[in-house]
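Just follow the structure's listing: the first ligand is 1, and inside any ligand the first atom is 1.
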Amino acid sequence: MKGQPDVKDLTMDTGVQQLITKARAEGIETAFDRAAKMIQCGFGSQGICCRLCLEGPCRISPNGKGPQAGVCGANADTIAARNFYNHVIQGTASHVEHAREIAHALIETAEGHAPYSIKDTEKLKNIAKGLGIDIDNKDVNELVKEVTALALEDFQKQHGTLNWLKLKAHKKSYQTWENLGLLPENAHAEIAKSIARNVMGADADPANLLMGTVTLGLVDGFAGLHMSTDLQDIMFGSPRAVKAQYRLGVIKKDKVNISVNGHIPLLAEKVVEWAGKLENEAQKVGAAGINVVGVCCSGNELLMRRGVSVATNYASQEMPIITGALEAMVVDIQCIMPGLHQVADCYHTELITTLPYSKISGATHIEFTTEKADQAAKEIVMRAVNNFTKRNPAKINIPEEVTEAYAGFSVEQIIEALKAVNAEDPLKPLVDAIAEGKIMGAVALVGCTNPRRQQDKYNVELVMELIKNNVLVVATGCSAHSLAKFGLMSPEGLKYCGEGLQEVLTVIGKANNLPALPPALHMGSCVDNSRIADLLSALASYLDVGIKDLPAAGSCPETHHPKALAIGTYFLANGVDVHVGVNPQVTGSKMITSVLTASKEQFPFTTDALFGGKLIYEEDSKKAAEKILERLKMKRRIMGLNS
Ligand code: BF8
Ligand code: SF4
């Protein structure tokens with residue numbers, strides 16, 4: 001079609017380019033083309049459009065020439081603060097609901113009502129001990145019941161603070177939050193309070209609204225991210241290093257292909273299990289077997305624990321369907337494009353929703369409950385098998401490329417790898433390398449891909465720049481997939497690293513029978529950003545400093561989801577600098593922009609002054625890398641290290 005952008009400008013992934021071209025030829029519109037057509041609202045882009053009541057919508061004029069307050073008198077600062085808060089509310093609610101689902105599944109498992117088992121009893125015992133539970137003479141099911149009772153208490157307790165916050169928070173961060181009166185009470189109450197205070201005519205003090213946002217960021221971190229990861233590890237096992245395949249070439253022409261897309265691994269795990277059990281059914285319809293592939297964070301969950309291949313990440317989630325060889329796309333919740341349905345309609349692919357509160361009109365709905373997990377998974381796999389015969393061979397076009405890369409770097413795995421270098425004091429080699437300047441610092445690449453940005457380019461460019469400057473990189477979410485595709489999660493990526501980092505990765509790699517560790521370590525899905533926090537917390541405790549003192553930062557160059565803002569708030573509250581490469585929609589307020597992005601020397605009331613970390617908004621990856629490096633060096637100087 002005339003006027004459409006060149007596919008090369010939409011994504012760096014040649015497989016995705018191939019399929020956007022195919023979709024265009026078939027008259028199918030994808031997210032990339034929709035994004036190119038979308039006219040962005042200038043007011044919304046700057047966070048100064050308010051739709052909180054029916055007096056509005058009200059828009060503040062950013063150039064000062066038009067209205068400077070909404071009908072009720074709310075100014076740009078209040079409106080931008082509320083909009084930011086609303087994003088964080090949405091993100092937090094998503095993660096908290098994820099954690100609650102897993103807690104319930106664990107209880108049902110312990111009570112014998114759900115067809116799952118407890119895979120990591122070691123982690124169960126550690127978490128139980130950390131929560132203050134006496135573990136002596138108790139069997140696994142008793143311990144699960146006690147641990148999950150304390151998890152569910154975090155959704156209802158009326159006094160004190162979250163059990164998971166007490167379990168996981170670094171003591172210095174805890175002190176800061178307590179001193180500022182920011183400790184959350186219970187997850188559900190904090191979400192409800194946040195909605196109530198953010199409503200028209202309630203809290204209108206932008207500074208106070210931002211403090212409320214931080215409390216919610218803590219809820220996201222502890223009752224969302226940490227709780228989800230911990231309970232999932234107990235149930236499905238803590239990840240260990242795996243070699244896996246990435247890119248659309250993991251879809252196999254001769255097999256029944258099923259993709260899982262979403263976040264909560266309860267159903268995805270079962271789909272993999274049933275795919276294994278029903279191989280013979282696939283052979284009956286002429287297929288060579290059943291191939292489950294991952295998309296987005298469900299993909300990461302299966303990848304980390306089972307080495308399941310990842311087909312693609314967020315922005316290109318429609319592409320597996322466009323190969324013409326996908327029999328079913330199974331989705332649960334979050335980051336699932338409603339547009340999948342329109343694309344699936346053009347093929348034989350069955351889009352299957354599974355949760356009662358997350359449906360897409362026109363999709364097949366097979367309700368998933370933990371009690372009936374086996375029935376649901378079996379039905380899904382059988383539907384996919386039956387769909388194999390409905391393929392249109394003329395429409396099949398699967399990109400060939402596949403990249404091999406490592407994943408599975410839980411904190412447990414990282415410590416294990418370090419123990420091969422120093423069994424008694426595993427963190428010492430890492431800390432020494434940081435002190436000697438062989439490693440300049442650590443950056444977590446997190447978040448998404450976004451159809452508005454050239455896919456993978458910004459994630460990859462930023463990391464290339466960082467590792468060249470000896471920054472150790474860990475990654476989660478869809479951004480990890482970007483890095484894997486371009487060789488940064490394999491020992492071959494060593495050639496892109498600076499000398500110091502090369503040396504350290506080689507020593508640790510060799511001690512673990514690898515030529516080197518990959519320059520970027522895949523730590524999991526988005527809830528697994530908790531693993532990054534755990535690693536930082538362990539390093540801070542080892543050095544007897546705060547997390548805020550470490551030369552560490554987070555970065556999401558291609559993010560799109562409110563969850564990323566919730567996660568970012570949690571890391572800012574710990575004093576970790578957070579870079580975003582996509583407009584955070586607050587720039588219409590000088591005050592909010594300053595609080596979040598100015599350093600403590602520039603402005604007295606900033607997240608930098610209060611917590612020790614600030615937001616860096618920079619769309620250009622090279623410039624972002626420079627800004628991140630500058631902050632890492634500043635933190636090194638404060639710690640007395642050479643920069
Ligand atoms: O939680 S990285 S696009 S799939 S929001 Fe979504 Fe972003 Fe992917 Fe996972 Ni996270
Ligand atoms: Fe307008 Fe105020 Fe209503 Fe927002 S809350 S829409 S600014 S009147």
Side-chain angles (χ1 to χ4, degrees), residues 31 43-44 47-61 67-83 86-87 90-92 94-95 97-98 198-204 209 220 224-225 228-229 260-265 268 294-304 310-317 331-337 444-453 455-456 459 475-483 522-530 554-568 580-582 588:
F43 298 93
I48 45 174
C49 166
C50 181
R51 292 197 308 109
L52 284 191
C53 85
L54 305 186
E55 293 167 63
C58 300
R59 310 190 304 184
I60 305 300
S61 165
Q68 292 303 295
V71 175
C72 68
N75 64 14
D77 300 334
T78 299
I79 292 172
R82 284 173 178 165
N83 285 333
N86 269 340
H87 273 142
Q90 293 221 330
T92 303
S94 304
H95 288 142
E97 195 48 21
H98 181 147
N198 214 23
V199 81
M200 188 275 154
D203 199 348
L209 284 161
D220 185 73
L225 313 181
S228 297
T229 301
V260 291
N261 181 3
H263 285 82
I264 307 172
V295 176
C296 292
C297 278
S298 287
N300 281 325
E301 297 284 359
L302 294 181
L303 163 76
M304 291 286 285
V310 188
T312 202
N313 60 18
Y314 174 78
S316 46
Q317 63 183 265
V331 303
D332 58 9
I333 197 163
Q334 300 163 28
C335 304
I336 295 150
M337 291 186 185
L445 186 86
V446 303
C448 324
T449 53
N450 179 333
R452 283 175 58 199
R453 308 212 84 195
Q455 188 186 24
D456 303 327
N459 288 334
T476 56
C478 290
S479 64
H481 189 211
S482 299
L483 302 187
H522 195 327
M523 293 190 77
S525 64
C526 276
V527 292
D528 292 336
N529 283 312
S530 61
S555 168
C556 38
E558 301 182 33
T559 194
H560 80 100
H561 203 282
K563 287 180 291 173
L565 295 179
I567 297 168
V580 281
V582 178

Are Ser316 and Gln455 linked by a side-chain donor-acceptor pair shorter than 3.5 Å?
yes
With a 3.5 Å cut-off and no angle check, do the side chains of Thr476 and Asn529 form a donor-acceptor pair?
yes
Over all atoms of both residues, closest heavy-atom pair of Asn261 and Ser298:
C-OG, 3.6 Å
Distance filter under 4.0 Å to Cys58 heavy atoms, resulting ligand 2 atoms:
1 (Fe), 6 (S), 7 (S), 8 (S)
I need the nearest protein heavy-atom contact for atom 3 (Fe) of ligand 2: residue, atom name and distance, please.
Cys53 SG, 2.4 Å
Side-chain heavy-atom pair Cys526, His98 within 4.5 angstrom cut-off
no
Please state which protein non-hydrogen atom is closest to atom 5 (S) of ligand 2 and give its distance, to 0.1 Å?
Met200 CG, 3.3 Å
With heavy atoms of Glu55 as the reference, note each atom of ligand 2 found under 4.0 Å away.
8 (S)
Contacting atoms of ligand 2, where contact means under 4.0 angstrom from a heavy atom of Gly56
6 (S)
Under the salt bridge (charged side-chain N to carboxylate O under 4.0 Å, His left out) rule, collect the residues that match up with Asp456, sequence neighbours excluded.
Lys485
Taken in chain and number order and not counting sequence neighbours, the residues that satisfy salt bridge (charged side-chain N to carboxylate O under 4.0 Å, His left out) with Asp528 are Arg531
Counting from 1, what ligand 2 atoms have a heavy atom of Cys72 closer than 4.0 Å?
2 (Fe), 5 (S), 7 (S), 8 (S)
Look at atom 4 (Fe) of ligand 2 and say which protein heavy atom is nearest, naming residue and atom and giving the distance to 0.1 Å.
Cys50 SG, 2.3 Å
When you check the space around atom 6 (Fe) of ligand 1, which protein N, O or S atoms turn up under 2.8 Å?
Cys335 SG
May I ask you to check whether over 12 heavy atoms, not counting those of Arg59, lie within 6.0 Å of atom CZ?
no
Quick one: does any side-chain atom of His87 pair with a main-chain N or O of Leu565 as donor and acceptor, under 3.5 Å?
no
Out of all atoms in ligand 2, which are within 4.0 Å of some heavy atom of Gly70? Include the element for each.
7 (S)
Scan side-chain atoms only and decide if Asn300 and His522 contain a donor-acceptor pair under the 3.5 Å cut-off.
yes
Sequence-distant partners of Ala81, side chain to side chain contact (heavy atoms under 4.5 Å, CB included), two or more places apart
Pro206, Leu209, Ile592
